[in-house]
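The analysis underlying the following values was restricted to heavy atoms, covering all of them including side chains, and did not include hydrogens, waters or symmetry mates. Quick caveat: nothing in here was measured; it's all calculated off a predicted structure. Numbered from 1 within each chain, the chains take letters A, B, ... in sequence-line order.
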Number of protein chains: 2
Amino acid sequence: MPPNGRAGEDGATAQRLLDAAAHEFALHGFQAGRIRDIVDAAGANLAAVNYHFGGKEGLYQATLAHLARRARDEWPFDSPELRAMPPEDQLRAFVRVMLMRYLGGPKASPLSRILAHELLDPTPAFGQILKGVSQPQWARLVQIVRDLLGPRASEDDVSLATLSTASQWVFFLFGRRMFEAVFPALATDPDVVDRLVDHIAFSSIAAMRATRERLEAAPATSRPPRRRAPAEGTEKRRGTAKGEAKDRRI
Amino acid sequence: MPPNGRAGEDGATAQRLLDAAAHEFALHGFQAGRIRDIVDAAGANLAAVNYHFGGKEGLYQATLAHLARRARDEWPFDSPELRAMPPEDQLRAFVRVMLMRYLGGPKASPLSRILAHELLDPTPAFGQILKGVSQPQWARLVQIVRDLLGPRASEDDVSLATLSTASQWVFFLFGRRMFEAVFPALATDPDVVDRLVDHIAFSSIAAMRATRERLEAAPATSRPPRRRAPAEGTEKRRGTAKGEAKDRRI
DNA sequence: TCCTGTTTCAAACAAATTTTTGAAACGGAT
DNA sequence: ATCCGTTTCAAAAATTTGTTTGAAACAGGA
């Protein structure tokens, strides 16, 4: 009989399963990820997943924990040395780390891709991964942006500028294939990442400088001039009511 | 016996199936989308999908075709009137259309979300949807950006600026949940879309203006100053070899 | 060596999902 | 009214995929 189901990262098999699971879940997400493919890649028996992790969901959880731990070590986006630099350089360093995570080829972070799947079709683990992985990064970036925008910037100004900046690398979390298809010349440049870092840092800083100038010119409001009016934004979710099948989806 | 399996959009049932399928596939993608949920939502029998579309894959194909046709009509991003405006206004209009597609609540385009799923975990339909849906939009945007950057801009300059601009709305194709979690104040503003349009247009134009100034100041090269060096970018795909199960995935 | 707890394995099992089937309902034309 | 092609339906097969099982292999210590 299995000890309790609850195991973590002791045996060599369990370790190989975690690595293979990271790959598979990164590629296809939780629901579409096949545990048969995982055990094949890990050279393990089908029952190993249940023995070591108590099931597919347990393996997923363990994989997330495993990856989160590794990501913190391998791609630090914060450090005392960084904090000592001017905000422009802090931003540049931040951009580099993020782009390496997303475009860094074999070194790219599977966790990022899993987060992408969770964003599109969340599982119960969504909240946890958002809080543990994304929030710290956003918080750090918000600090940098606030420095760049200066004291006149409102919270919303900072939020908007943070979004615009981050989106320029978050794009590659999803859009790598689109990038390669639409801009093949750029995408095949061996220096892509460097050129992207340069460009994103340059244009983000330029945009924020312009915003700062606007804010410091007009002392009254902080919202840019409006032109048109109406909008809305809500959307349905998959109801947990309607006694349907298992709720592997949120 | 089914006529041939090949049907399109004649019967009322087939139409309802298409609508329900658009919703389901937009939410969960092809693989995770359940045909049982589709027929339930459409008030049709389980066998109807096979009768009318020859199977789940046929329904998916038909849904894509159906949505592509509708998207062209409902959210035009190009027109003679638009072309007559100054490029700044063209960009603003473009941003608005795209944000409405992604954040427009019930009016948001299911096709966009399906594209998102395809980007993350492509099916054989990926090429078709990229070519038919995305490419025209990118091409139009590239034109606008080229106008804004002026004649000194190289192809790569245009590509980079296009990416930076587009990424600011493409973000919301995937990141809506993140947006809501990280910037709740902004996300619940009833005027979000308008504020985002204003901000994205403003900061994109500011960034491009800065790039243009840089280009026109230094006549020689067109690449911004470098700082660090190395990088790479490749990644494995799921091999079609290794006689595995059906290749619903690419 | 023998015992004991752990790990691996092939096969069976179970649950969920897609596909098929054969009959019934339907609707218009003869 | 009857015929015939089309469409719908409930039920059953087939497939895919996660889980369980019972035995065998393994490892370390009495």
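Taking only side-chain nitrogens and oxygens, Arg36(B) never comes nearer than 4.0 Å to OP1 or OP2 of dT17(C). When the side-chain nitrogen and oxygen atoms of Thr13(A) are compared with OP1 and OP2 of dT8(C), one or more of them lie within a distance under 4.0 Å. Between His52(A) and dT8(C), a side-chain N or O to OP1/OP2 separation shorter than 4.0 Å is present.
Nearest nucleotide to the side chain of Lys56(B), out of dT19(C), dC9(C), dT8(D): dT19(C). The side chain of Arg34(B) lies closest to dT18(C) when the candidates are dT18(C), dG18(D), dA10(D). For Tyr51(A), the side-chain atoms get nearest to dT7(C) when compared with the rest of dA10(C), dC9(D), dT7(C).
Counting heavy atoms from C-beta outward, Ser204(B) and Ile200(B) have side chains that approach closer than 4.5 Å.
Ranked by how close their nearest DNA chain C nucleotide is to the 5' end, Ala48(A) and Val49(B) are led by Ala48(A). For the pair Asn45(A) and Asn45(B), both in contact range of DNA chain C, the more 5′-proximal nearest nucleotide belongs to Asn45(A).
Between Glu57(A) atom CD and dG18(D) atom P the separation is 12 Å, expressed in whole Å. Taking atom OH of residue Tyr60(A) and atom P of nucleotide dT17(D), one finds them 18 Å apart after rounding to whole Å.
Scanning for side-chain contact (heavy atoms from CB on, under 4.5 Å) contacts around Asp19(B) gives Gln15(B), His66(B), Arg70(B), with sequence neighbours left out. Considering only residues two or more places apart in sequence or on other chains, Phe171(B) meets the ring pair (Phe, Tyr, Trp, His ring centres under 6.0 Å) condition with none of them.
No side-chain N or O of Gln137(B) forms a donor-acceptor pair with one of Arg140(B) less than 3.5 Å apart.
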